[in-house]
Every structure is written in structure tokens, then in C-alpha cells.
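Following: one structure in C-alpha cells, then a few remarks.
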2 protein chains.
Amino acid sequence: MSTVTFSPLYRQIRDRLVHSLQAGEWRPGEAIPSEIDLAARYGVSQGTVRKAIDALSAENLLVRRQGRGTFVASHQEARAQIRFLRLRPDDGGEPRQPSSRFLECRRLRAPLEIARALEMKAGDAAVTIRRLLEFDGEPIVLEEIWLPGSTFRGLTAERLNAYSGPLYALLETEFGTRMIRASERLRAVAAGEAEARALGVATGEPLLLVDRVSSTYGDKPVEVRRGWYRTHHHHYFNELS
Amino acid sequence: MSTVTFSPLYRQIRDRLVHSLQAGEWRPGEAIPSEIDLAARYGVSQGTVRKAIDALSAENLLVRRQGRGTFVASHQEARAQIRFLRLRPDDGGEPRQPSSRFLECRRLRAPLEIARALEMKAGDAAVTIRRLLEFDGEPIVLEEIWLPGSTFRGLTAERLNAYSGPLYALLETEFGTRMIRASERLRAVAAGEAEARALGVATGEPLLLVDRVSSTYGDKPVEVRRGWYRTHHHHYFNELS
DNA sequence: TAGTGGTCTAGACCACCGT
DNA sequence: CGGTGGTCTAGACCACTAA
């Protein structure tokens with residue numbers, strides 16, 4: 001009585017490619033084998049490999065570059081960074097990358113709520129980071145980040161301060177964990193004392209509260225993040241299509 | 001010295017299909033001709049038509065249904081309605097469709113800012129609507145909507161009140177204008193007196209301010225909308241992928 | 001110029017839907 | 001059952017990149 005799950009060939013190839021990506025057979029930024037090579041490897045036609053790669057390209061796991069090859073997507077690229085930070089200045093200028101100031105990085109036991117979101121047991125090791133994102137030297141976003149402690153064992157305050165690029169790029173290159181997608185829930189809230197102090201606004205000021213859960217291959221959640229956004233001169237941009 | 005714009009066949013077919021949609025050759029909800037018929041009509045192979053339809057399907061202009069045909073997307077469908085209202089109850093239940101209570105519907109001259117967003121001249125005829133969206137009888141969203149008066153000539157308060165479905169469905173069936181995509185800018189603001197009164201909250205309460213510009217075929221903007229969202233028990237959901 | 005991805009075709013066959 | 005979209009193939013050729 002179970003539903004027969006028909007899976008087309010290109011879908012199976014797609015899944016095998018994802019497994020290879022997950023296993024680190026090709027690293028972020030590197031090229032994967034050519035379509036013809038992959039077709040030979042899997043014993044299918046080039047067209048079928050092509051359709052599999054099309055799917056992964058649409059999912060932003062791979063990036064095609066005509067005449068050069070197909071590459072593993074990376075958070076080092078500007079495009080990936082924009083995808084994961086939707087805040088833009090009101091004056092529509094180039095979305096300059098913010099600089100981050102780390103306020104705290106501690107290892108402790110995961111509270112129940114965090115543990116549940118990360119699919120681990122309450123009390124398991126976790127890392128928490130607090131940081132401030134500054135645009136043109138002005139603090140705009142306060143963030144509190146939670147990661148599973150086991151997979152990010154060497155993540156310390158020194159490591160964070162020694163690095164200047166986007167956080168996801170560091171997690172990707174240093175810890176082999178690539179954030180694939182995230183879902184966010186937005187609310188308007190009044191600034192509490194801590195948020196107000198960090199962002200330099202009055203207590204009670206309206207802030208945009210952004211709760212995010214990010215996941216890696218196989219939709220496994222590996223980060224929980226709460227951000228307080230000051231939206232006086234910035235806005236959260238979203239495209240409905 | 002101009003860049004040569006190479007346009008593949010499937011892209012040209014895509015554009016011709018869009019023109020047919022725009023001209024109303026097939027109405028929302030109706031089936032378009034089969035791939036084989038279209039291939040014959042345009043003198044290309046079925047595979048090329050297929051790729052064109054794939055693109056339009058990804059853009060949510062068409063909907064494929066295996067074994068039945070390919071249909072013109074419509075705002076009557078539940079899927080379209082969800083795409084254009086990202087507010088969900090916190091308790092993750094089924095996103096019930098809100099009921100809307102119309103507060104006002106007036107015809108007047110477009111203010112400068114509205115005119116610019118709608119690509120018309122300041123002073124041109126416009127329609128403005130104010131309404132309240134209620135979830136389970138509770139007012140959650142206050143909206144102020146602006147439309148070009150010329151294309152929505154028969155839009156009146158009576159017409160709105162006589163209709164119960166989603167607004168875009170009415171605009172689509174009664175006025176032949178289909179909203180294709182929209183871009184939104186979100187901010188956190190303090191409730192002014194008018195918003196507070198309409199939503200039944202205290203003045204100064206944090207609200208999620210959502211500014212939207214929607215467009216129809218050819219990215220022509222045809223609606224400007226400002227919404228004040230009460231996010232005590234609801235949140236704006238967004239998927240980063 | 002060699003190698004990559006991108007396009008286009010023709011044809012065979014499969015999965016699904018309604019009658 | 002006939003008609004629709006969905007898959008897969010093999011092969012030819014085009015567009016782009018780098019050396």
C-alpha cells in the first residue's frame with residue numbers, strides 16, 4: 001500500500017553528485033569533472049548529467065561558467081554573501097559588505113530550545129557567538145548565533161578575530177560545513193536594554209527581529225541565529241516571484 | 001560597438017508565449033496548446049518548446065500538470081495567494097486565508113511619489129484602497145494600496161465589497177491585469193495614531209512596515225502597497241535559497 | 001585550437017490523467 | 001484507450017574561455 005516512489009535517472013545522478021559534494025570530493029570553488037566525464041562515470045548520456053547539474057545549479061550548489069566548467073558554489077563569492085544578508089541601505093547604493101565586530105564567543109551546553117532547533121539533545125556542547133555588524137562604521141545589526149559544538153570544535157574568539165571575511169566562508173573553509181539554505185522569520189519588536197545599548201538606540205525603539213535556521217546538505221540544521229536589525233536607514237529586501 | 005545580444009531559440013519562443021499571455025490569447029486558469037501543437041506553430045522541435053515552457057513555469061507564469069496539460073497561472077489558486085502574503089501564524093498551523101475588510105476606496109490624483117513608482121505622471125488618475133486583513137476575526141494587517149486609475153476604471157467600493165476572494169484574483173479576472181512578481185522592503189516602525197486605532201494596539205507599538213511594488217508582464221509596475229503588520233502572534237516568513 | 005558548457009533536433013519510450 | 005507532459009538518448013553544431 002506504500003506509494004511507489006519513481007525517481008528519474010537525472011534525479012539519481014543529482015543525488016550522487018550531492019553525496020560527492022557532501023563527502024568533500026570537490027571543494028568549494030573547485031571545478032567538478034566535465035559533463036562528458038561524468039556521463040561516462042555514471043554510464044548515462046550527457047543530457048541526463050546536464051539535467052542533474054541544472055537542478056543543482058538552480059539550488060545554488062553548483063555554478064556553471066560557459067567555456068570554463070562547473071564549479072562548487074562557495075560563500076567566498078559575493079553572490080552567496082548577498083543571498084544570506086538581505087539588509088540594504090535605503091539609498092539603493094551598492095550593498096557594501098558590512099564589517100563584523102565580535103563581542104563574545106563561548107562554549108556551553110545548548111538550552112532546550114536551541115538543541116531542538118539543531119536536532120541535538122539538550123545539554124549537548126554548543127558554541128554561541130555575539131557580534132555586531134557595522135555599515136560604514138555604524139552598528140546596524142546585533143546577532144546571537146548558535147552552532148553545534150561538536151562540528152565546530154576549534155572555533156574560538158581568536159579565530160574569529162583573525163578572520164575578516166563573511167562568517168559562512170570561514171565555517172566552510174575551516175570546518176568543512178557549507179550553509180546551503182536558510183529560513184527566516186521576521187517580527188517587529190521593541191529594543192530591550194541590551195540591544196539598545198549595543199546598537200546605540202533608545203530602549204523601546206522598534207527593531208526588526210530576524211530568526212534564522214540554516215541548514216547544510218540534506219537539510220540538516222546547523223545554525224540558529226537571532227538578529228536585531230536597526231532599520232532607520234536600511235531595509236530588508238525581498239523578492240516575491 | 002554595441003554588445004551583440006545572442007538570444008537562443010527557446011528564449012525567443014518564451015518571449016512569444018509571454019506576448020500571447022499578455023494579449024490574453026489564453027486566460028488565467030485555461031490550458032495553453034500542447035507542446036506538440038506549439039512546436040508545429042512555431043516551427044521548432046518539441047524539446048525547444050519544452051525548454052521555453054520550463055522557463056515560464058519556473059517564473060510562475062505557467063503551471064504544468066502531467067497528463068493534463070499546461071495552464072496559465074492564476075491568483076485564484078491557493079499557491080499564488082501564499083506566494084504574495086508571507087505572513088504566517090506563529091503556531092505553524094495551516095496558513096488560513098485572511099478575510100479583508102475594506103475601509104476606503106477613492107479615486108484621486110496620484111501624488112508625486114506614487115506616480116514615480118507606477119511610472120505615470122504626477123496628477124494622473126489613481127485609485128487608493130485602505131483595508132484591514134483579519135485572521136480569525138483579529139485585525140493583523142492594515143494596508144494602503146495605490147493603483148493606476150486608467151487601467152482600473154470600474155474599481156469601486158461596491159465592487160470590492162461584493163467580492164470575497166483575494167484582491168489580485170479580482171484584478172486579474174475583472175480588469176485583465178495579472179500581478180507577476182513583487183519586491184518588498186521591510187522595516188520596523190512605531191505605530192502612528194491611525195495605524196494603532198485600526199489595528200487595536202497602543203500608539204508607538206512596534207509594527208512591521210512592508211512596502212511593496214508589484215508588476216505585471218514586462219516588469220511594468222502596476223501597484224504600490226504599504227502594509228503595517230502586527231507581529232505579536234504572526235511572523236513574516238522568508239526562505240533564503 | 002582544444003575543451004568546456006549551451007543549443008537544437010528527432011525519435012523512442014514512460015508516467016499520468018480523463019474518458 | 002488516446003492525449004498530455006516527463007524522461008532519456010545520440011548526435012550535430014554553436015558560444016565561450018584559456019592557453
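At a cut-off of 3.5 Å, with distance as the only test, a side-chain donor of B:Glu172 or B:Ser74 sits close to an acceptor on the other residue.
In this structure a side-chain-to-backbone donor-acceptor pair under 3.5 Å is present from B:Ser34 to B:Asp37. Between the B:Thr173 side chain and the B:Ala169 main chain, a donor and an acceptor come within less than 3.5 Å of each other. Here the side chain of A:Arg83 pairs a donor or acceptor atom with the backbone of B:Ser241 at under 3.5 angstrom.
Interface residues of residues 61-78 of chain B facing DNA chain C, ordered by number: B:Gln66, B:Gly67, B:Arg68; criterion, heavy-atom separation under 4.0 Å. Contacts with DNA chain C (heavy atom under 4.0 Å) in residues 28-35 of chain A: A:Ser34, A:Glu35, listed by number. Annotation: proximity of residues 44-52 of chain B to DNA chain C (heavy atom, distance under 4.0 Å) is found for B:Val44, B:Ser45, B:Thr48, B:Lys51, numbered in ascending order. Annotation: proximity of residues 7-15 of chain A to DNA chain D (heavy atom, distance under 4.0 Å) is found for A:Pro8, A:Leu9, A:Tyr10, numbered in ascending order.
Taking 4.0 Å as the cutoff to heavy atoms of chain A, we find the contact window on DNA chain C bounded by C:dG3 to C:dT7.
Annotation: cation-pi pair A:Arg88/A:Phe237 present, NZ/CZ under 6.0 Å from the ring centroid and within 45° of its normal.
Applying the side-chain contact (heavy atoms from CB on, under 4.5 Å) rule to A:Lys220 yields the partners A:Thr216, A:Val222; only residues at least two apart in sequence or on another chain are considered. Listed by chain and number, the residues in a side-chain hydrogen bond (donor to acceptor under 3.5 Å, both in side chains) with A:Ser20 are A:Glu25 (sequence neighbours excluded). Under the salt bridge (Lys or Arg N to Asp or Glu O under 4.0 Å) criterion, A:Glu184 pairs with A:Arg212, not counting sequence neighbours. By the side-chain hydrogen bond (donor to acceptor under 3.5 Å, both in side chains) test, B:Asp90 pairs with A:Arg187, B:His235, sequence neighbours left out. Contacts of A:Arg101 classified as side-chain hydrogen bond (donor to acceptor under 3.5 Å, both in side chains), with partners at least two apart in sequence or in another chain: A:Glu134. In terms of the salt bridge (Lys or Arg N to Asp or Glu O under 4.0 Å) criterion, A:Arg27 has no residue partners (sequence neighbours excluded).
Taking atom CZ on B:Phe6 and atom C1' on D:dC14, their separation rounds to 7 Å, with Å as the unit.
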Item to complete: List the steps and the verdict of side chain to side chain contact (heavy atoms under 4.5 Å, CB included) for B:Val213 and B:Trp146.
Response: CA-CA 10 Å; B:Val213 178; B:Trp146 290 84; over 6 Å; no

Item to complete: Would you check, one step at a time, whether the test side chain to side chain contact (heavy atoms under 4.5 Å, CB included) holds for B:Val63 with B:Val72?
Response: CA-CA 6 Å; B:Val63 178; B:Val72 182; over 6 Å; no

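Using the six-membered ring where Trp is involved, B:Tyr229 and B:Tyr236 have ring planes that are tilted, between 30° and 60° apart.
Within the structure, the ring pair (Phe, Tyr, Trp, His ring centres under 6.0 Å) test picks out the following pairs touching residues 44-87 of chain A (sequence neighbours left out): A:His75-A:Phe84, A:His75-A:Tyr168, A:Phe84-A:Tyr168.
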